Amino acid sequence: MTDTPAFRPDARSPRGFQDRRARDLRAERTLLARVSAVYEAHGFEALDTSAFEYADALGKFLPDSDRPNAGVFAVLDDDEQWMALRYDLTAPLARFAAQHWETLPKPFRRYAFGPVWRNEKPGPGRFREFIQCDADTVGSARPEADAEIIAMAVAGLEAAGLARGAAALKINNRKLLNGLLEATGVTAAGQKLAVLRAVDKLDRLGPDGVRLLLGEGRKDESGAFTKGAGLQAAAAEAVLQFVAAGGGSRSETLDRIAGVIGGSAEGDAGLEDLARIDAALTGLGVADDQAMFEPSIVRGLEYYTGAVFEAEILLDTLDERGERVRFGSIGGGGRYDDLVARFTGEPVPATGFSFGVSRLAAALRAAGQAAADAVRGPVVVIVFDGAHMPQYFQVAGELRAAGIAAEVYLGTSGMKAQMKYADRRLSPAVIMLGGDEIAAGTVTIKDLDLGRSLAAGVQDNETWRAARPGQATLPRGEMIPFVQRILKG
RNA sequence: GCCGCCUUAGCUCAGUUGGUUAGAGCGCCAGAUUGUGGCUCUGGAGGUCCUCAGUUCGAACCUGAGAGGUGGUACCA
């Protein structure tokens, strides 16, 4: 070699990306299968679209030509067009629906799951690549379409394994706050946005913090100042009264909201929508503790046009250190009536919901609802002598043919290391086929599960090895039933 | 994006008022135990002390910049 040291890259994951091993993948796949089944049972068809979209199809948010990678991961194709990795599953759906609108059955109902990517600062529980599972109805303006999406989300939470009471859907409608602001004379778009942002912080800052943000602004503990919406005191109090109207049954909440916002045309339309959602939910068998109206729910700022919903974990869970974790939102959605119109010029009403699959899986784990067992390894065929490899593979093949996961040890270490390997893989058993067994036409099978349970009581290695717990030598023909008995426990 | 804190072995962390070969526990590898996982004992491997620049006779330690992480805040399709 040369004097210059070889370049050695750091073996590390890219920032905000993560590796997922068997245990996580299994939980995730189970989750996707169960939620997909719920969606299909409601008549939604599967759809998969590409990871990349042309950047202009992704939405008005970003990227712009000066900063193509702000928010998304974008590359310039060789025909000078910007392509970007999708940041959610809704924008690709809008593109797909617009592209095939003429031939689709309408309303078009589809579900989709897969990774999405966001080029932004990662944090704990917040990655730049994550899995979403999404269901949308495109082409129906009926509030019942919203109600059905909500009911499916509720069913999805339960199918995922979250017991009733562990999670709930909170529902709001943009029209309500719009109507309220209209009635109080707030019309500037910027001011409306600022009000939404302030309301969104209710759970963190409380009514007093929100009151400051609705008015002149708020200085936080670090001394940073956030400019407020600049509302008059009376208007601010009306907003606060509105966001405090949650609690109790859906119809109780509706009555309270009506008392606060009554008057404007848009507000009344929002109330009418919610009343119909309530009626449909009741018909769908969704109870008041599973889905409730919550006026402080905001979601995205410019995207949603009517109903908005958010799935929240209600349990207080503890992390490994015993500290309290609040998961908050594990999914959300709402009505977006302008998305497809970006492509076609024709308004198409749509509504949908998206689970954050990784967050849901993490929440399930923390709630102790997920099967957190480690993944079992295969039956391991021990290699005594390289000359007998064909025999070992034959044995592994017999096990596989019987539906038992099996592998021949492919390292070069000795017996002890092979046992350790099987133990670490959490294998149920090892098959030993040394010269003695081959000569006698037998196999030796060792039940590792039994050994694992007995090991705790054994004091010295001498005894442990002499006892050879769960080990039996028997004719080749009796191998499969013996292993099957071990697998059954 | 802005503000604070942190960064020493695979992991969790000690350490040094700036001074020769940087430590522990756990984990990993091997032996005691030629065909047997745990326990015990013995031995071993593993470090650009985050990076770069500066101060100094001398920097893992002091200073500055940067990167990564983390907490808060802002934004969030």
Side-chain angles (χ1 to χ4, degrees), chain A residues 5 8 10-16 53 58-63 70-72 84 86-92 94 116-126 132 193-194 196-198 200-201 204-205 209 213 217-227 298-304 320-321 329 332-334 336 339 342 352 354 377 380 382-385 413-437 444-471 473:
Chain A
R8 294 191 189 283
D10 274 347
R12 52 179 187 157
S13 308
R15 194 159 74 97
E53 294 282 344
L58 280 180
K60 59 186 168 178
F61 297 96
L62 286 167
V72 300
R86 63 188 182 201
Y87 55 75
D88 69 11
L89 295 172
T90 311
V116 302
W117 297 267
R118 294 184 186 182
N119 189 3
E120 57 192 26
K121 181 184 158 187
R126 186 165 173 155
Q132 284 194 336
L193 267 178
L196 286 175
R197 287 185 187 129
D200 198 25
K201 294 179 177 62
R204 194 154 43 84
L205 302 180
L213 284 173
R218 173 178 178 273
K219 186 183 277 192
D220 65 37
E221 298 78 25
S222 72
F225 183 76
T226 308
K227 195 173 182 307
V298 173
R299 301 297 297 167
L301 295 177
E302 299 186 74
Y303 194 93
Y304 295 112
E320 306 83 42
R321 297 179 183 181
S329 170
Y336 51 98
L339 225 51
R342 289 188 53 246
S354 194
V380 173
I382 302 284
V383 171
F384 283 88
D385 182 349
S413 300
M415 178 86 179
K416 188 181 168 81
Q418 296 189 47
M419 292 299 300
K420 237 174 142 166
Y421 170 82
D423 189 40
R424 194 178 295 181
R425 292 287 305 271
L426 269 186
S427 295
V430 295
I431 305 293
M432 288 178 276
L433 213 60
D436 299 347
E437 284 87 349
T444 297
I445 303 172
K446 190 181 180 76
D447 181 344
L448 293 181
D449 284 342
L450 185 60
R452 270 188 275 268
S453 63
L454 293 178
V458 178
Q459 289 309 313
D460 71 301
N461 189 263
E462 204 78 8
T463 316
W464 164 255
R465 292 182 66 185
R468 303 204 166 162
Q471 187 166 323
T473 300

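This is a predicted model, so every value here is computed, not measured. Letters go in sequence order (proteins before strands), and every chain restarts at 1.
- Between the side chain of A/Gln132 and the main chain of A/Asp88, no donor-acceptor pair closer than 3.5 Å is present.
- As judged by a 4.0 angstrom heavy-atom cut-off over every strand, A/Gln418 is placed among residues making no nucleic acid contact.
- The distance between atom OH of A/Tyr303 and atom P of B/rA77, rounded to the nearest whole Å, is 9 Å.
- What separates NZ of A/Lys420 from C1' of B/rU33 is a distance of 13 Å, to the nearest Å.
- The separation of B/rC49 from B/rU42, taken at their C1' atoms, amounts to 30 Å, rounded to a whole angstrom.
- The aromatic rings of A/Tyr304 and A/Tyr336 sit perpendicular, their planes meeting at an angle over 60°, well past the 30° parallel limit.
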For RNA chain B, produce a single dot-bracket line, 5' to 3'. Pairs: Watson-Crick or G-U wobble, both distances under 3.5 Å. Symbols: ( ) within strand, [ ] crossing, | other strand, . unpaired.
-> (((((((..((((.....[...)))).(((((.......))))).....(((((..]....))))))))))))....

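- A/Ile445 places none of its side-chain heavy atoms less than 4.5 Å from the side chain of A/Gln471.
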Could you walk me through whether A/Ser413 and A/Lys420 pass the side chain to side chain contact (heavy atoms under 4.5 Å, CB included) check?
-> CA-CA 10 Å; A/Ser413 300; A/Lys420 237 174 142 166; over 6 Å; no

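- When atom types are taken as modelled, the side chain of A/Glu437 and the backbone of A/Gly434 share a donor-acceptor pair closer than 3.5 angstrom.
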Atom pairs, N/O to N/O, protein against nucleotides 65-69 of chain B, distance under 3.5 Å?
from, atom 1, to, atom 2, distance (Å)
B/rG68, OP1, A/Arg15, NE, 3.4
B/rG69, OP2, A/Arg15, NH1, 3.3

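- As rounded to the nearest Å, B/rU21 and B/rU55 have P atoms that lie 23 Å from one another.
- A straight line from CG of A/Asp385 to C1' of B/rU34 spans 14 Å, rounded to a whole angstrom.
- Side-chain contact between A/Asp423 and A/Arg452 is present, with at least one heavy-atom pair separated by less than 4.5 Å.
- In this structure the side chain of A/Phe384 reaches within 4.5 angstrom of the side chain of A/Met415, judged on heavy atoms.
- Comparing B/rU36, B/rC76, B/rG37 by their nearest atom to the side chain of A/Arg197 picks out B/rC76.
- Between A/Val298 and A/Arg197 there is no side-chain heavy-atom pair separated by less than 4.5 Å.
- Residues A/Ile431 and A/Val380 are not in side-chain contact: their nearest non-hydrogen atoms beyond the backbone lie 4.5 Å or more apart.
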Should A/Asp200 and A/Arg299 be marked as a salt bridge (Lys or Arg N to Asp or Glu O under 4.0 Å) after you check the CA-CA gap, both sets of side-chain angles, and the distance that decides it?
-> CA-CA 8 Å; A/Asp200 198 25; A/Arg299 301 297 297 167; over 6 Å; no

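- Distance noted for atom P between B/rA65 and B/rC57: 24 Å (whole Å).
- For the pair A/Met419 CE and B/rC29 C1', the interatomic distance rounds to 18 Å; values are reported in whole Å.
- Within 4.0 Å (heavy atoms only), A/Arg452 reaches at least one base atom of the nucleic acid.
- Atom P of B/rU36 sits at a distance of 14 Å from the matching atom of B/rA30, rounded to the whole Å.
- Candidate nucleotides B/rU70, B/rC29, B/rA77 were compared by shortest atom distance to the side chain of A/Lys121, and B/rU70 ranks first.
- Side-chain proximity of A/Asp436 to B/rA77, B/rG35, B/rG38: nearest is B/rG35.
- Within the 4.0 angstrom heavy-atom criterion, no nucleotide atom of any strand lies near A/Gln132.
- Heavy atoms of A/Arg126 sit under 4.0 angstrom from at least one base atom.
- Between A/Thr226 and A/Glu120, the residue anchored nearer the 5' end of RNA chain B, judged by the nucleotide with its closest heavy atom, is A/Thr226.
- With C1' as the reference atom, B/rG69 and B/rC50 are 10 Å apart, rounded to whole Å.
- The side chain of A/Arg468 contributes no N or O atom lying less than 4.0 Å from OP1 or OP2 of B/rG37.
- Regarding A/Ile445, its CD1 atom lies at a distance of 19 Å from the P atom of B/rG37, rounded to whole Å.
- The nearest whole Å value for the distance from the CG atom in A/Leu213 to the C1' atom in B/rU73 is 12 Å.
- With contacts defined as side-chain heavy-atom distances shorter than 4.5 Å, the pair A/Leu433/A/Thr444 does not qualify.
- Here A/Lys446 lies in heavy-atom contact (under 4.0 Å) with a base.
- Taking atom CZ of residue A/Arg118 and atom C1' of nucleotide B/rC75, one finds them 13 Å apart after rounding to whole Å.
- Among B/rA77, B/rC29, B/rU36, the nucleotide with an atom closest to any side-chain atom of A/Met415 is B/rU36.
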Taking N or O atoms only and anything under 3.5 Å, show me the protein contacts with nucleotides 4-9 of chain B, one pair per line.
none

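- Nucleotides B/rG18 and B/rG58 are separated by 8 Å at their C1' atoms, to the nearest Å.
- The interatomic distance linking A/Asp200 (CG) with B/rC75 (C1') rounds to 11 Å, in whole Å.
- Although no hydrogens or angles enter the test, the distance criterion places a donor-acceptor pair under 3.5 Å between the side chain of A/Gln418 and the main chain of A/Val383.
- Comparing atom distances between the A/Lys416 side chain and each of B/rG35, B/rC2, B/rG37 picks out B/rG37 as nearest.
- Across B/rC28 and B/rG38, the matching P atoms stand 9 Å from one another, rounded to whole Å.
- The nucleotide whose nearest atom lies closest to any side-chain atom of A/Ala417 is, among B/rG35, B/rA30, B/rG37, B/rA30.
- At a cut-off of 3.5 angstrom, counting only N and O atoms as typed in the model, there is a donor on one side and an acceptor on the other between the side-chain of A/Glu437 and the base of B/rG35.
- Judged by closest nucleotide on RNA chain B, A/Phe384 is the one of A/Lys201 and A/Phe384 placed further toward the 5' end.
- Scanning atom types as modelled, no donor and acceptor separated by under 3.5 angstrom connect the side chain of A/Arg465 and the base of B/rU36.
- At distances below 3.5 Å, at least one donor-acceptor pair connects side-chain atoms of A/Arg118 with backbone N or O atoms of A/Tyr87.
- Side-chain contact between A/Arg126 and A/Glu120: present, with at least one pair of heavy atoms (C-beta onward) separated by less than 4.5 Å.
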